[in-house]
Amino acid sequence: DLAEFGLVLMLFLIGLELEPRRLWAMRRPIFGWGSAQLLGSLALIAVIGWACLGFAPDAWPLALVAGAALAMSSTAIGLATLAERNILQTTVGQSVLSVSLFQDIAAIPLLALIPLMAPDRVAGADAGHPFIAAARAFGMIAAIVLGGRLAIRPALRFIARSQTPESCTAAALGLVVGTAALMQAVGLSMALGAFLAGVLLAESEYRRELETDIEPFKGLLLGLFFIAVGMGIDVGIVLRHPWQVAGVVGGFLAVKTIVLWGIELGIPVPRLERPVFTLLLAQGGEFGFVVLQAAQAKQVLGPDEAGVLTAAITLSMLLTPLLILVADRWWIPFLATSTPRARLSEIAEPQDAPVIIAGFGRYGQIIGRLLHANGVQATVLEHDAEAIEALRKFGFRVHYGDATRLDLLRIAGAARAHVLVVAVDGIEPSIERVDIARE
């Protein structure tokens, strides 16, 4: 429970970054891409699992639960990786966040359906009252929303008047713990409750103070969560069924990769960012453990079956950072060299703008907007073909070309321009462009 609390704190901080208006604006990717990923992966894994069990009539609950558990992705690893790479606010970061949020929300009905698949001797009275559990869940969510609007802000205002840092820290932790405990009391996800509380406080004046107070605890407890994930693997199960575990890991990673590849065709994720999007969502997740524990408690799964699936999820989470390193080393460079660029013609006509901007990412676009607002013309050079296509849709005049080429700089007007703005990522590429410009 202490390790899981690290995930709770992380989702609370993510909620603080998402104002309700922004979350409402994300409703289409959350429920569109998220539902496509979860339902598509669940259906394919369940059908393949049922086929491996010989389509036995009494085996479909096992296949369905396995599909639900393996279709989940790790919110903790995914968002931590995005934060480390500083791409949480990019297209790929928001896409991963949208799918992860839908999975967290979908964990509620999935857990509510497990008792309905349990044998009669285990299900008992709980099987006949799913609507009562659903009413409790929605009632608690409504109570948290109303409480956040009516009670939490005045309470934080009262605590802030004391001007005691310890009181503010205690209040921040108490808010997260209390919300998570309320959600757990009605059988919901603690992490979902903390995320909801964070969203409610995203527009409050205490948002930054809460982030500062909770950040140190989040890092420590999130580390404990990852340690608990590693300790959760049953080595005995892996040694007894090595090929079965390896088959489950490879099988569900392949199925989810296929589903995600299909989703990528409709999501505006740049081609070079698709490997990160795929790997972060193809792995198993912490909510998969929750689904397996609930299914084992209701005897939908046996101990060996639950052990194999738990080991498979854990191994996929352990493999994800290594796979991302491999993607950075080989997959992404291969995509960079094989990206079709012939459809974009290089700058050919001599330019005479007083400013040249090399690289038009987030920093380059800020400079470009400032220059445009002040009536200063600029020649923009960008070597990412897909980025150019996207920027042209927004009305930017961007030319395809690499600013490390001397001939291209001459055509861009480097001999007459007053300023060269180097707005590319990385120290070495920046120094190389400056040296070429001086030459």
Reported [atom1]-to-[atom2] distance for the pair [X] and [Y], which is rounded to 0.5 angstrom:
| X | Y | atom1 | atom2 | result |
| --- | --- | --- | --- | --- |
| Thr314 | Phe289 | OG1 | CZ | 3.5 Å |
| Trp50 | Leu62 | CH2 | CG | 12.0 Å |
| Ser100 | Ile77 | OG | CD1 | 11.0 Å |
| Ile357 | Gln365 | CD1 | CD | 10.0 Å |
| Phe31 | Leu101 | CZ | CG | 9.5 Å |
| Asp328 | Leu323 | CG | CG | 11.0 Å |

Which pair of non-hydrogen atoms, one from [X] and one from [Y], has the smallest distance, and what is that distance?
| X | Y | answer |
| --- | --- | --- |
| Pro275 | Trp331 | CB-CE3, 3.5 Å |
| Ile263 | Trp33 | CD1-O, 4.0 Å |
| Ile45 | Gly67 | CG2-CA, 3.7 Å |
| Thr320 | Leu279 | CG2-O, 3.9 Å |
| Leu309 | Ala66 | CD1-CB, 3.8 Å |
| Tyr363 | Val422 | CE2-O, 4.4 Å |

Going through the distances and angles, do Thr75 and Gln103 end up as a side chain to side chain donor-acceptor pair (under 3.5 Å)?
-> CA-CA 9 Å; Thr75 304; Gln103 291 178 356; 5.2 Å; no

Can you check side chain to side chain contact (heavy atoms under 4.5 Å, CB included) on Leu280 and Ile324, steps first, answer last?
-> CA-CA 8 Å; Leu280 291 181; Ile324 290 178; 3.6 Å; yes

Could you tell me whether a side-chain N or O of Gln296 sits under 3.5 Å from a main-chain N or O of Leu301, the two making a donor and an acceptor?
-> no

Can any side-chain N or O of Ser35 pair as donor or acceptor with the backbone N or O of Gly32 at less than 3.5 Å?
-> yes

side-chain contact (heavy atoms from CB on, under 4.5 Å) partners of Ser98, counting only residues at least two apart |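 Ser98 satisfies side-chain contact (heavy atoms from CB on, under 4.5 Å) with Met26, Pro29, Ile30 once adjacent residues are dropped.
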
Tell me, do Leu97 and Gln94 make a side-chain contact under 4.5 Å, heavy atoms counted?
-> yes

Any side-chain heavy-atom pair of Ile313 and Leu292 under 4.5 Å | yes

Between Trp60 and Leu53, is a side chain to side chain contact (heavy atoms under 4.5 Å, CB included) present by the stated rule, with each step listed?
-> CA-CA 9 Å; Trp60 69 265; Leu53 296 172; over 6 Å; no

May I have the step-by-step check of side chain to side chain contact (heavy atoms under 4.5 Å, CB included) for Gln37 and Ser73, ending in yes or no?
-> CA-CA 10 Å; Gln37 183 277 328; Ser73 307; 4.3 Å; yes

If you draw a 6.0 Å radius around CG in Leu325, do more than 12 non-hydrogen atoms from other residues or ligands fall strictly inside?
-> yes

Quiz: residues 243-258 side-chain donor-acceptor pairs under 3.5 angstrom, not counting sequence neighbours:
residue	atom	partner	partner atom	Å
Lys256	NZ	Leu70	O	3.0
Lys256	NZ	Ala71	O	3.3
Lys256	NZ	Met72	O	2.9
Lys256	NZ	Leu281	O	3.3
Lys256	NZ	Ala282	O	3.4
Lys256	NZ	Gln283	O	2.8
Thr257	OG1	Leu253	O	2.6

